[in-house]
Each structure stands twice: as C-alpha cells, then as structure tokens.
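Since the structure comes first, as structure tokens, the remarks are kept for the end.
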Amino acid sequence: MASDSSVEPTYLPSTVQGAVKILVTGPFGVGKTTLVGALSEIAPLRTEETMTTAGADVDDLTGRPQKTTTTVALDFGRITLNQHLALYLFGTPGQQRFWPLWEDLSCGALGAIALVDSRRIEESFDILGLLEEHRIPFAVAVNVFPDTPDYPDEELRAALDLLPEVPILACDVRDEDAARRLLIDFVDHLRSTALELP
Amino acid sequence: MRRGPVRPYVITGGRSRASRNVLEFESLVRTLPGAAVDRTALNREQQAILGLCRELLSIAEVAAHLGLPISVVKVLLGDLLDLGAVQVLPPVRQAEQVPLSLLEEVLVGLRQLR
C-alpha cells in the first residue's frame, strides 16, 4: 500500500491515446487510499502538492498579501480500460480548505465517489456541499466497517440531506470485487444520468 | 517526501503556473526519441523527466516517481513541450458535458476486468 517514488514505473501500452479520471473523496480515515488500492492495476502512488491559499484580504505591513502554504497528499491508481483508454483514480481530501487543489483535479473528471463512514456522517457534510456547489456528478458510497450501523438508505439520505438523484451505494473497500462493483455501479449511474439529458 | 534541498520555485525558474491547459493530472507524456534537444540546456529535473518517460506515463505518475509536486512537473513539461522534446496526450474529456459514448466505453472496460 505504501507508495514509493523509487518503484519502477509501470508504463501504459503504447497504443493508449488518452485518459479519463474519477475522484475518490471523503474525510480523513474513511478508506480513500484503500479503495484506490483495491481498484488500481499498479501499486498506488502518492504525490504531495503544495497549495498556497490566500489569507486575510488585508495586506500586512510589508505590503504583501498573507499566504499560507499547505501540503496535500494525493494517492492515485490506474486502470487500463482498453488498448486506447486509461482511467486514473485520484483519492483526495474533500475539505473546503483544499479547494484550490480540487479546482485543478475536478476539471475534466467524469465524477466523484464520496466515501462516507456512517458512524461519523457529520464529517462528510463539508465534502458533499462542495460537490453540489461545483456541480460535480457524484455518488455516496458507505464504507462498511465491521461495526457500521445498518441505517436504512432513506434515513441516511435525510441525515446527509442528499438530492433524490444522488445514489447511495455500499461497499467494503478492502474487497477488490466489491470495489470494482462499486466503480461499475457509479459509472452506470453516470451513464443513466447522461441518457436522461436532452 | 520531496527530495533534495532545491525548492520547487527555484526548479521552475520562478514560475508556478504551467502555460498550457493540455497539461492536466491525467495528461499522458512520452519523450520523443528523435528530438534534437540540447540536453545541457535542461535542468536536472527536466533531464529526469526525459529519462523516465521513455514510454507513456501520466503527469501524476511522473510527479510521484520523481518526488515532485504535480504543479512543478507541469511547468517543467511546458518547457519540454515548447522544445519539442516530449509528446503530450491531453485528457480525453474536453467538453463540458461528458459524451455518452465515453461513459459506455469506460463501463465496457470496467466490466471486462478480471
């Protein structure tokens, strides 16, 4: 699971002509990295992105705007879908303060899977709000931990204040088959939504 | 995580934004083998990119393997692209609305995985 920049690269087939991406987001410790790892054909990789966020609007005495620099870790994996097309999966923290990174990441993404831990759903409010606000197509996926309470979907939907068109999926992200079914269900949902558009 | 004492700002010659929007996280890169590029004009990181990308990799993978932030790799690749040293395949999805055919292709690909 640990990524290492000294790992030999696994190249894509030379016939590949381009890639698409899907984001995996959720609060800290919800299982993003595990899900990316379960789905990826290569050992998951990690990069660290430095992000500069503007501080207060008021300039300080030196005349420079105050800025803070944060480092955000990004775990990602890859699936070669056919000889021409590859899919990248980016696991990314969803909090509002990481929005500058999100802007870059979400540009061109097919959509996002928002992982939720139903034992602490309040940690997902921020992320779901961000996805809605920026009109990124998404599904909620409840990561099933051994002691996860079994809430009916409707109760969870109400608690998360989800729009009716957002599907709620469930998955044990450690299980490769379950993870793959989750991804298939998500893309199938994106496809059904696209079919309904005028 | 980042290796070496050089700050990203120095590596990129003071720039923090890449000049082209074809350079995204999932853009694919490969070194053009026949390109007549004066390698002495390149910095160490750019030479490392050319060495790494002898076959296709995404910008994100280049960043991870070289231990550099993606934003830095984008800037370095912008120069290499201008020099004609690399080929970049932009992301497949360019339109605001994702084409149905693309989603179907992804779905078929995923269902065929074992």
Side-chain angles (χ1 to χ4, degrees), chain A residues 3-22 39 41-42 44-52 71 73-76 78-82 84-88 90 101 104-105 107-111 137 180 183-184 186-188 190-195 197, chain B residues 1-3 7-9 16-18 21-30 51-74 88-114:
Chain A
S3 58
D4 183 347
S5 56
S6 67
V7 167
E8 266 296 295
T10 312
Y11 294 101
L12 284 164
S14 58
T15 49
V16 169
Q17 292 166 352
V20 290
K21 69 185 162 193
I22 288 175
L39 289 165
E41 69 191 13
I42 56 168
L45 293 166
R46 166 172 291 189
T47 79
E48 295 200 341
E49 202 57 14
T50 42
M51 209 180 64
T52 312
T71 306
L74 208 61
D75 292 299
F76 65 96
R78 185 181 91 193
I79 300 171
T80 306
L81 293 168
N82 60 43
H84 303 301
L85 186 63
L87 167 66
Y88 283 88
F90 288 98
L101 176 68
D104 269 5
L105 253 181
C107 170
L110 299 182
R180 192 158 50 92
L183 188 56
I184 289 172
F186 175 57
V187 178
D188 204 15
L190 293 176
R191 181 182 152 276
S192 318
T193 310
L195 270 173
L197 290 173
Chain B
M1 182 102 180
R2 216 180 301 123
R3 291 175 301 179
R7 292 166 57 215
Y9 194 70
S16 59
R17 279 257 159 221
N21 57 10
V22 298
L23 299 172
E24 298 294 341
F25 289 62
E26 75 277 30
S27 298
L28 305 178
V29 190
R30 119 174 90 207
L52 178 68
C53 297
R54 54 183 191 271
E55 288 182 64
L56 271 185
L57 285 178
S58 65
I59 288 184
E61 283 166 298
V62 173
H65 285 296
L66 297 182
L68 293 168
I70 290 175
S71 52
V72 169
V73 172
K74 284 184 186 178
V88 174
L89 306 174
V92 171
R93 185 197 164 188
Q94 294 283 5
E96 180 66 26
Q97 200 171 311
V98 185
L100 187 60
S101 58
L102 179 58
L103 292 170
E104 279 169 351
E105 188 179 352
V106 173
L107 203 52
V108 169
L110 289 174
R111 285 189 171 138
Q112 279 169 352
L113 296 175
R114 273 163 268 205

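Chain letters run A, B, ... following the sequence lines, proteins first and then strands; every chain starts at 1. Values below: every heavy atom of this structure, side chains too, minus hydrogens, waters and symmetry copies.
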If you round to the nearest 0.5 Å, how far is CD of B/Glu24 from CG of A/Asp104?
6.5 Å

Which heavy-atom pair separates B/Ala64 from A/Arg46 by the least distance, and what is that distance?
CB-O, 3.5 Å

Dump the intermediate steps for ring pair (Phe, Tyr, Trp, His ring centres under 6.0 Å) on A/Phe90 and B/Phe25, then the final yes or no.
CA-CA 9 Å; A/Phe90 288 98; B/Phe25 289 62; 5.7 Å; yes

Between B/Glu26 and A/Tyr88, the two heavy atoms sitting closest are CB-CD1, 4.1 Å

Is there a donor-acceptor pair closer than 3.5 Å between any side-chain N or O of A/Glu49 and the backbone N or O of B/Ile70?
yes

Distance from B/Leu68 atom CG to A/Glu48 atom CD, nearest 0.5 Å?
11.5 Å

If you count heavy-atom pairs within less than 4.5 Å of chain A, which of B/Leu56, B/Leu100, B/Val106, B/Val108 leads?
B/Leu56

At their closest point, which heavy atom of B/Glu105 faces which heavy atom of A/Asn82, and how far apart are they?
OE2-ND2, 2.8 Å

Relative to chain A, which segment of B/Leu28 carries a heavy atom at a distance below 4.5 Å: side chain, backbone, both, or neither?
side chain

Which atoms of A/Thr193 come close to chain B, meaning under 4.5 Å heavy atom to heavy atom: side chain ones, backbone ones, both, or neither?
neither

Exactly one candidate in B/Leu107, B/Leu102, B/Leu103, B/Val98 meets side chain to side chain contact (heavy atoms under 4.5 Å, CB included) with A/Leu190; the answer is B/Leu103

Counting only heavy atoms closer than 4.5 Å, note whether A/Ile42 contacts chain B via side chain, backbone, both or neither.
side chain

For A/Asp188 and B/Arg111, what are the C-alpha separation, side-chain angles and deciding distance, and is it a side chain to side chain contact (heavy atoms under 4.5 Å, CB included)?
CA-CA 11 Å; A/Asp188 204 15; B/Arg111 285 189 171 138; 3.6 Å; yes

Output for pair (A/Arg78 CZ, B/Leu57 CG), nearest 0.5 Å, gives 7.0 Å

Side chain to side chain contact (heavy atoms under 4.5 Å, CB included) between A/Leu87 and B/Leu110: does it pass, once the steps are laid out?
CA-CA 10 Å; A/Leu87 167 66; B/Leu110 289 174; 4.2 Å; yes

Engaged part of A/Pro13 at the chain B interface, taking heavy atoms whose separation is under 4.5 Å
backbone

Distance-only, no hydrogens or angles: does the A/Arg180 side chain make a donor-acceptor pair with backbone N or O of B/Leu113 under 3.5 Å?
yes

Tell me, for A/Ile184 versus chain B, whether the close heavy atoms (under 4.5 Å) come from the side chain, the backbone, both or neither.
both

Where does A/Leu39 contact chain B at under 4.5 Å (heavy atoms): side chain, backbone, both or neither?
neither

Part of A/Ala73 lying under 4.5 Å from any heavy atom of chain B
neither

Under 3.5 Å, is there a donor on one side chain and an acceptor on the other for A/Ser14 and B/Glu55?
no

